[in-house]
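Order of listing sets the numbers, starting from 1, for every ligand and every atom in it. In this chain, numbering begins with 1 at the start of the sequence shown.
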Amino acid sequence: MWATAVGVARVRALETERENALFRDPLAQAFATAGGLWPSSSPPLPDDEAARRRRLAVAFSIVIRTKFLDDLLQQASASGVRQVVLLGAGMDSRAFRMDWPEGTRLFEVDTAAPLDFKASVLRQERAVARCERITVAVDLREDWPAALAAAGHDPTVPTVWIAEGLLIYLPEDAVELLLARISAQSVTGSWMGLTLGSRGVIERFGADAGTGTAASMWVSETPDDPVGWLAGHGWEADSHTLRERAAAYDRPISTPPQREERPGGLISAVRR
Ligand SMILES: C[S@@+](CC[C@H](N)C(=O)[O-])C[C@H]1O[C@@H](n2cnc3c(N)ncnc32)[C@H](O)[C@@H]1O
């Protein structure tokens, strides 16, 4: 399941090599290498044209969402937030690659296996975090708020929460529960950045996805009205499409939309 996190690192390593990269993630290549996905020619792109296009589209979406959430984290920091929680952190290396104000504490929540793998790569790379970094090994289906609190998270001061490439893997009731728990730990002034499967993506990508691929594990998509949904949880949200953000980052999608595009893939929210 967490192998998908190494696939994400591979995409970030490729972006890092670009001249006009939207971000640079110097640790991504080490994660991809340790996971057997680097040099990037392995695994080869599938021959099947549709599968090839899907793979490229997923990679593109990872690059755009990474930049979107980097910006959101910077904004939250600038507004004074000093607690960061990465839910399903995987190989996220923001603790190491971003500038953090003095006093920032960053919690990485994931299960033990990916966190152990990550720790071994970080040791090998002699990576040094640029903020206080705390890992919390817990399954998000269990009582993770208690584990987070035990690790030192303080729910009485604002937090910026990131759930990147996570909710698409959780069934709808688990997404609701996660949101309720995040909201219960978020005082006014907290922030949240979410990525959600855009509408129809499971049908388009998941239906004929090979077993073991990331797309074969996708189960949930953006609700019909993401802004209203989050308002119900006490958040003032903005939702963006990949296409709109990609254009804003000067990385426009050149092909016209094949169907009506509804908002929803990328969400930023502030706690009221
Ligand atoms: C596709 S990866 C994305 C990782 C990271 N957020 C990023 O964008 O680089 C999904 C991550 O969510 C984690 N995850 C999925 N289900 C989880 C659960 N029930 N509890 C804790 N972590 C979970 C996986 O271990 C994996 O690291």
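Taking every non-hydrogen atom of Arg65 and a distance limit under 4.0 Å, the qualifying atoms of ligand 1 come out as 7 (C), 8 (O). Less than 4.0 angstrom separates some heavy atom of Arg141 from each of these atoms of ligand 1: 19 (N). Less than 4.0 angstrom separates some heavy atom of Glu164 from each of these atoms of ligand 1: 3 (C), 5 (C), 6 (N), 8 (O). Atoms of ligand 1 lying under 4.0 Å from at least one heavy atom of Arg12, given by number and element, are 7 (C), 8 (O), 9 (O).
In terms of polar-atom proximity, defined here as any N/O pair under 3.5 Å, Thr4 makes no such contact with ligand 1. Taking only nitrogen or oxygen atoms, main chain and side chain alike, Trp2 does not reach within less than 3.5 Å of ligand 1. Considering backbone and side-chain atoms together, Val109 places no N or O closer than 3.5 Å to any N or O of ligand 1. Residue Tyr169 has no nitrogen or oxygen atom sitting less than 3.5 Å from a nitrogen or oxygen atom of ligand 1, judged on distance alone.
Here the rule is side chain to side chain donor-acceptor pair (under 3.5 Å) with Thr159, and of Arg105, His153, Gln185 only His153 fits it.
Listed by first and then second residue, the salt bridge (Lys or Arg N to Asp or Glu O under 4.0 Å) pairs that reach into residues 142-155 come to none, sequence neighbours excluded.
Only backbone heavy atoms of Ala89 (N, CA, C or O) come within less than 4.0 Å of ligand 1; its side chain stays farther off. The side chain of Val8, and not its backbone, has at least one atom closer than 4.0 Å to an atom of ligand 1 (non-hydrogen atoms only; side chain from C-beta on). With a 4.0 Å cut-off on non-hydrogen atoms, Leu166 touches ligand 1 through its side chain and not its backbone. Of the heavy atoms in Val138, only backbone atoms (N, CA, C, O) come closer than 4.0 Å to ligand 1.
A donor-acceptor pair under 3.5 Å links the side-chain atoms of Thr188 to the main chain of Arg272, judged by distance alone. At distances below 3.5 Å, not a single donor-acceptor pair connects side-chain atoms of Ser93 with backbone N or O atoms of Phe96. Here the side chain of Asp110 pairs a donor or acceptor atom with the backbone of Gly90 at under 3.5 angstrom.
When the options Gly88, Gly165, Ala3 are ranked by their closest heavy atom to atom 4 (C) of ligand 1, first place goes to Gly88.
With ring centers used as reference points, Phe117 lies under 6.0 Å from Trp2.
For Ser186, the side-chain hydrogen bond (donor to acceptor under 3.5 Å, both in side chains) partners two or more places apart in sequence, or in a different chain, are Trp161.
Crowding of Arg24 atom CZ: a count of heavy atoms from other residues, nucleotides or ligands under 6.0 Å exceeding 12. When the shell of 6.0 Å around CD of Glu176 is examined, it contains more than 12 heavy atoms from other residues, nucleotides or ligands.
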